[in-house]
Trainee: 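Take a look at this one; I'll ask things after.
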There are 2 protein chains.
Amino acid sequence: MASQRGEGELTTTPLEPADRERARAIPEAAVARLAVYLRVLSGMVDQGVTTISSEELSQAAGVNSAKLRKDLSYIGSYGTRGVGYDVEVLVSHIERILGLTRKHSVAVVGIGNLGHALANYGGFPGRGFPVTALFDVDEDLVGVPVGGIPVNHIEDITTVCAEREVSIGVIATPPPAAQAVCDRLVSAGVQCILNFAPVVLQVPDNVEVRKVDLAVEMQILSFHVARRADEAANDLVNGIGVDGMVIRP
Amino acid sequence: MASQRGEGELTTTPLEPADRERARAIPEAAVARLAVYLRVLSGMVDQGVTTISSEELSQAAGVNSAKLRKDLSYIGSYGTRGVGYDVEVLVSHIERILGLTRKHSVAVVGIGNLGHALANYGGFPGRGFPVTALFDVDEDLVGVPVGGIPVNHIEDITTVCAEREVSIGVIATPPPAAQAVCDRLVSAGVQCILNFAPVVLQVPDNVEVRKVDLAVEMQILSFHVARRADEAANDLVNGIGVDGMVIRP
DNA sequence: ATCTGTGAAGTGCTTCACAGCT
DNA sequence: AGCTGTGAAGCACTTCACAGAT
């Protein structure tokens, strides 16, 4: 089960050989942060900031400055020692590394509450991710435009996705439907999936899945509430007050 | 700036001293997976499965079995060598560690597309996370019930959250409003925040923030599209076909 | 005979700290 | 004098592989 998509539509600026090795080597964690830096930097551009130091940028992005510099070093050396980084230069290099010079068509499957919300973002968060197809099983929804795009029936995923060159599929269906939907997306040649359904998807190696799992997020927070409550109880026993002051040393 | 909440309402089953040290020591990454195991196990219970091996459970959860066993070992030794784990026992231990024996009131701030979707989940993903308060700046929305709960004005966050003992705040506002909303939640004593706004929130150390950032997720996927496209181009140059076979060895 | 629980080895990410450029 | 870029050290998570329980 592999991609059926040809290799003919490479519209991205081709990477230099040096960049190529780098792209392979960037830690996943760093990629996520690059996206954050990019957003912060875009804000800077709007404010007319032209130059920024690693210290300032790292503060704004909520990381420490060594990490920021290391992250930026993965994509090359575009700073000036003693000065800092040119904001626009940085923006364009990060955009290139993240593949944002290309448009990525998005299909949303499952037009319930969440699907509606996603479709109505219109051009998905941050531009460059146009939603070009919507799917649902509900016959009553088929043909109805949501966020300007008419809903197609789930049966047609394969043809419609191929036609519209969808490169990212978003699964917003109820859990039981998710795997089947995923399989269809994959057989339509979609190699990147963003999954909102609380299900562990099985996919071939050449497909990248990212998961957004609200239940997991809530439960992680719950864990921290519990840990904190417990530490507090523990500290009280040991004579430490709620605000961290020792009451009974 | 610290919690203003008293320490009197600890309704959680208190952890044994041994568990206490463990809770402190569980890696964050393991906590996230425990939540996944819990969901898979709940499904097992519904199917009437009573016993499961690390191999089976790890498959269903999409991790390898050594990792699963190590994760479970963080919460104690509840398996039987030569046999496997008792599903119900495991469920109840994971629930206890994740603090799911307590209810966690949730407030959603920002009742736009996403806020609506979230409010309409009713009892948030997976039970145990009742949404008890909604907030927005829009006067026209105030008083209107969404998912059964009337919307309050954002001005009233502090009082309403304190009143309803909200322990988790969900921020679904536009980016510019997020930090101010966050500050209000914090001063209402909320120590856990789930942030959907594409903004890096500044919070005191005693507050836990989890971020769900669609733009970042999309951009990570975009990065992988780019990397793959580039590898393919690269491989073609080196005489390797699209399906991985060497054409020109 | 089988499957868990876990030290120990391995891997990858983060932080340090400073050489080197402007 | 200031700030980047980066080897090297440190830390955390993952995987291995096997002793030990049933």
Side-chain angles (χ1 to χ4, degrees), chain A residues 18-19 21-37 41 44 49-90 93-94 97 216 220 223 227, chain B residues 18-19 21-37 41 44 49-90 93-94 97 216 220 223 227:
Chain A
D19 289 336
E21 264 171 64
R22 274 194 205 107
R24 220 182 290 272
I26 305 177
E28 183 85 9
V31 173
R33 286 189 300 267
L34 284 171
V36 174
Y37 305 152
L41 288 167
M44 297 290 174
V49 178
T50 58
T51 289
I52 193 166
S53 71
S54 64
E55 191 55 51
E56 297 169 286
L57 180 51
S58 68
Q59 292 264 319
V63 303
N64 82 28
S65 66
K67 194 189 281 180
L68 169 82
R69 289 199 301 278
K70 174 76 65 174
D71 287 345
L72 293 182
S73 81
Y74 293 128
I75 67 171
S77 303
Y78 303 113
T80 308
R81 291 166 194 236
V83 179
Y85 301 90
D86 181 288
V87 175
E88 295 201 7
V89 169
L90 219 44
H93 282 295
I94 296 176
I97 290 289
V216 169
I220 293 171
F223 169 79
R227 194 172 47 66
Chain B
D19 289 336
E21 264 171 66
R22 272 194 207 108
R24 219 182 292 271
I26 303 177
E28 184 84 10
V31 174
R33 287 190 299 267
L34 284 171
V36 174
Y37 305 153
L41 288 166
M44 298 288 174
V49 178
T50 58
T51 288
I52 193 165
S53 71
S54 64
E55 191 56 49
E56 297 170 285
L57 180 51
S58 68
Q59 291 265 319
V63 302
N64 81 30
S65 66
K67 194 189 282 180
L68 170 82
R69 289 199 300 279
K70 173 80 51 173
D71 287 345
L72 293 182
S73 81
Y74 293 127
I75 67 171
S77 303
Y78 303 112
T80 309
R81 291 167 194 235
V83 179
Y85 301 90
D86 181 289
V87 175
E88 296 202 7
V89 169
L90 218 43
H93 282 295
I94 295 177
I97 290 287
V216 169
I220 294 171
F223 170 78
R227 193 170 48 65

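In what follows, chains are A, B, ... by sequence order, proteins preceding strands, each numbered from 1.
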Trainee: Measure NE2/B:His93 against P/C:dG5 and give the value in whole Å, please.
Mentor: 11 Å
Trainee: Once side-chain hydrogen bond (donor to acceptor under 3.5 Å, both in side chains) is applied, do any residues pair with B:Ser58, and if so which ones, sequence neighbours excluded?
Mentor: none
Trainee: With nearest nucleotide decided by heavy atoms, which residue, B:Val83 or A:Ala29, maps closer to the 5′ end of DNA chain C?
Mentor: B:Val83
Trainee: If you only use heavy atoms from C-beta on, which nucleotide in C:dC18, C:dT14, C:dT4 is closest to the side chain of B:Ser54?
Mentor: C:dT4
Trainee: Name the closest nucleotide to the A:Arg81 side chain, picking from C:dC3, C:dT15, C:dA19.
Mentor: C:dA19
Trainee: Looking at every heavy atom in both B:Val89 and B:Asp86, which two are closest together, and how far apart are they?
Mentor: N-OD1, 3.0 Å
Trainee: Run the numbers on B:Leu90 and B:Tyr37 for side chain to side chain contact (heavy atoms under 4.5 Å, CB included), then give the verdict.
Mentor: CA-CA 9 Å; B:Leu90 218 43; B:Tyr37 305 153; over 6 Å; no
Trainee: Could you state the CG-C1' distance from B:Leu90 to C:dG5, rounded to the nearest angstrom?
Mentor: 14 Å
Trainee: Rounded to whole angstrom units, what separation is found between the CG atom of B:Leu72 and the P atom of C:dC3?
Mentor: 16 Å
Trainee: If we ignore hydrogens and angles and just use 3.5 Å, is the side chain of B:Glu56 paired with the main-chain N or O of B:Ser53 as donor and acceptor?
Mentor: yes
Trainee: Flag the pair A:Tyr85 / A:Thr51 as yes when at least one side-chain heavy-atom distance between them is below 4.5 Å, and no otherwise.
Mentor: no
Trainee: Which whole-number value in Å describes the distance from B:Leu68 CG to C:dC3 P?
Mentor: 14 Å
Trainee: Taking OH from A:Tyr85 and C1' from C:dC21, how many angstroms apart are they, rounded to a whole number?
Mentor: 13 Å
Trainee: Between C:dC3 atom P and B:Asp86 atom CG, what is the distance in whole Å?
Mentor: 16 Å
Trainee: Send over the distance from B:Asn64 CG to C:dG5 C1', rounded to a whole Å.
Mentor: 15 Å
Trainee: Mind checking what makes salt bridge (charged side-chain N to carboxylate O under 4.0 Å, His left out) contact with A:Arg69, not counting sequence neighbours?
Mentor: none
Trainee: Go through DNA chain D in 5' to 3' direction and return only the first and the last nucleotide with some atom under 4.0 Å of chain B's heavy atoms.
Mentor: D:dC13 to D:dT22
Trainee: Rounded to the nearest angstrom, tell me the gap between atom CG in B:Asp71 and atom P in C:dT4.
Mentor: 14 Å
